[in-house]
Amino acid sequence: MQTTKPNKITRNILIAMVLGMGVGVLIHHTQTPETAKSWSEYLKVLATIFIRLVQMIIAPLVFSTLVVGIAKLGDVKAVGRIGGKAMLWFFTASLISLLIGMFWVNFLQPGTGLVLTSAETESLGSIAETTTSFSVQHFVEHIIPKSVFEALATNEILQIVVFSIFFGLAAASQGESAQQVVKALEKVSHIILKMVGYVMQVAPFGVFGAISAVFAVREMGELLWTYANYFGSFLIGIGSLWVLFLLVGYVLLGKQLKILLKKLVGPLMIAFGTTSSEAVFPKLTEELEGFGIPNKVVSFMLPLGYSFNLDGSMMYMTFASLFIAQVYHIPLDFGTQLTMLLVLLLTSKGIAGVPRASLVVVAATCGMFKIPIEGIALILPIDHFCDMFRSATNVMGNALATVAVDKWEKNKR
C-alpha cells in the first residue's frame, strides 16, 4: 500500500505534465500574445495554491520532527563515542554533498537556457538586488528569533531550527519527565506527515497550472531543452557523489567493498524503484548485519542516518535551489551561495525521509533568499526521476556511514 500511493501520484503528475504541455502549446499557437498571457496568469493560480499549501506545513513540520529527533537521542553525554563520530560523519558528508551540487550547477549552468521575457526580468529586478545584498552579517542577525511565534508565523526557517534545537536538547535533558511532551510532538509530526500526503494529492493540479502557464507564453523546444539539461546535469552531480562513495569505501574496506556492494544491490534497487529510502530500512539492517557489523552499531546508526544523513537529497537541494535562481536570472555571489549551503545544512536535518522532503526544504530556502518559490513547480514534473537516483544514493550513503563508524570502533568482523 505504501508504494501504490506515491506511484499513483507520480502517474498523475506525469499525466498533468503532458496535459499542461498540450494546453499550453494550444493556447500559445491559437491565441494572441496578450490573450495567452492572460490565460497564463489564470492557470498559474493552480500552481500558487499548491505552493502555498507546501509553505503552510513547513514550520510545524520542521519544529515537530526536529525536536523529536533530537530528544530521542537521550542524554547527549550518554550517547558517547558512537554518537559523536556519527554526527561528525553526517555533517561532513552532508557538506561535501552540498558542495558537489553547488559546483556542478555553477559549472554546467543548466538554468540559464530558459530566457525570461523583459517584463518578468523587470519584475524580478528588486528581488535580485535584495538577494545579492544578503551577507553573512545579515544571516547572523536573523538566525536568533525574537519570538518563536513570530518565526512560526512568518516561516523564518532558520529561527525555527534554532528554537527546535534548544527545545529538543532541553527535552532530552529532562529524561522521563519530558516524554509525554516528546510523544505528543511525535504524534503531531505524524499528523503533519499525513498532511504532506494530502498536499501532494494537489500536486498534479499545481503541475498542470505551472506547465500550461509556462508553455502558453514560451516556445516548447526551449523548455524541453531546459528539462533535459537539468536532468543530465543532475546525473553528473550524482555520479560524482557515487565516485566519491566508492573511493571512500575502498579506502575503508579494500577488497571487501565488492562484498558490501553485492549485499546492497537489493536495497539499492528497492530504493530506486520506490523512490523511498525508508522502504529499504529493514532489508538494509539485515544486509549490514550480514556483512558483519554488530547490531548495536546498525541499530544506532541507521535511525540516526535517516534523519541526518541523506547525501543524495543534500546534493539535490543545492542543485535545485541554485537552478531556480538561474532560471529567474537572480545572481548569487560565492559568499551568498555558501550561506545558502549553511542554511540547507541546518534546515534539512530532522525532516529527511519525509515524502518530497527535498522540495519542502528547497521551498523554504528559496523563500529565505527571495528566490521565486514558483520555480519549484517547474522542476516537479521530473522530480520523481531525480528522486529515484537520490533515494538510492541516500541508502548507499547511510550504509557507508555505518561501515565507517564500525571501523572507527574497531569491531572485528
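Just so it is clear, the structure is predicted and the values come from calculations on it, not from any experiment.
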Phe234: partners by ring pair (Phe, Tyr, Trp, His ring centres under 6.0 Å), with sequence neighbours left out: Tyr316
Which pair of non-hydrogen atoms, one from Ile371 and one from Ser321, has the smallest distance, and what is that distance? CD1-O, 4.2 Å
Would Asn229 and Gln109 count as having a side-chain donor-acceptor pair, cut-off 3.5 Å? no
Test your reading of the model: is there a side-chain donor-acceptor pair from Thr336 to the backbone of Leu332, 3.5 Å cut-off? no
Could you list the residues that satisfy ring pair (Phe, Tyr, Trp, His ring centres under 6.0 Å) with Trp89, not counting sequence neighbours? Trp408
Go through the structure and list residues passing ring pair (Phe, Tyr, Trp, His ring centres under 6.0 Å) with Phe208, not counting sequence neighbours. none
Gap between atom CG of Leu341 and atom OG1 of Thr365 - 0.5 Å precision: 10.0 Å
Between Ser189 and Glu186 (side chain of the first, backbone of the second, donor and acceptor by atom type, cut-off under 3.5 Å), is there such a pair? yes
Of all residues at least two apart in sequence or in a different chain, which pass the side-chain contact (heavy atoms from CB on, under 4.5 Å) check with Ile49? Val45, Leu53
Who are the side-chain contact (heavy atoms from CB on, under 4.5 Å) partners of Phe149, not counting sequence neighbours? Ser147
Apply side chain to side chain donor-acceptor pair (under 3.5 Å) to Ser313 and list each qualifying residue two or more places apart in sequence or on a separate chain. Asn394
Donor-acceptor pairs are to be reported for all side-chain atoms of residues 237-246 against protein atoms at under 3.5 Å, with residues two or more places apart or in another chain.
from	atom 1	to	atom 2	distance (Å)
Ser240	OG	Trp104	NE1	2.9
Ser240	OG	Ile236	O	2.9
Trp242	NE1	Thr393	OG1	2.9

List the residues meeting side-chain contact (heavy atoms from CB on, under 4.5 Å) with Ala178, not counting sequence neighbours, and say none if there are none. Ala171, Gln174
Any side-chain to backbone donor/acceptor pair from Ser97 onto Met315? Under 3.5 Å, distance only. no
What residues, two or more places apart in sequence or in another chain, satisfy ring pair (Phe, Tyr, Trp, His ring centres under 6.0 Å) together with Phe205? none
Listing, residues 375-382 side-chain donor-acceptor contacts under 3.5 Å, not counting sequence neighbours, or none:
none

Any chance you could measure Asn106, atom CG, to Met102, atom CE, to the nearest 0.5 Å? 5.5 Å
Only counting residues at least two apart or in another chain, list the ones meeting salt bridge (Lys or Arg N to Asp or Glu O under 4.0 Å) with Glu41. Lys44
Partners meeting side-chain contact (heavy atoms from CB on, under 4.5 Å) with Pro204 (sequence neighbours left out): Asn12, Ile13, Ala16
Here the pair of heavy atoms bringing Ile192 nearest to Ser64 is CG1-OG, 4.5 Å
Donor-acceptor contact present, side-chain Asp406 to main-chain Thr402, <3.5 Å: no
Taking atom CZ of Phe103 as the centre, report whether more than 12 heavy atoms of other residues, nucleotides or ligands fall under 6.0 Å from it. yes
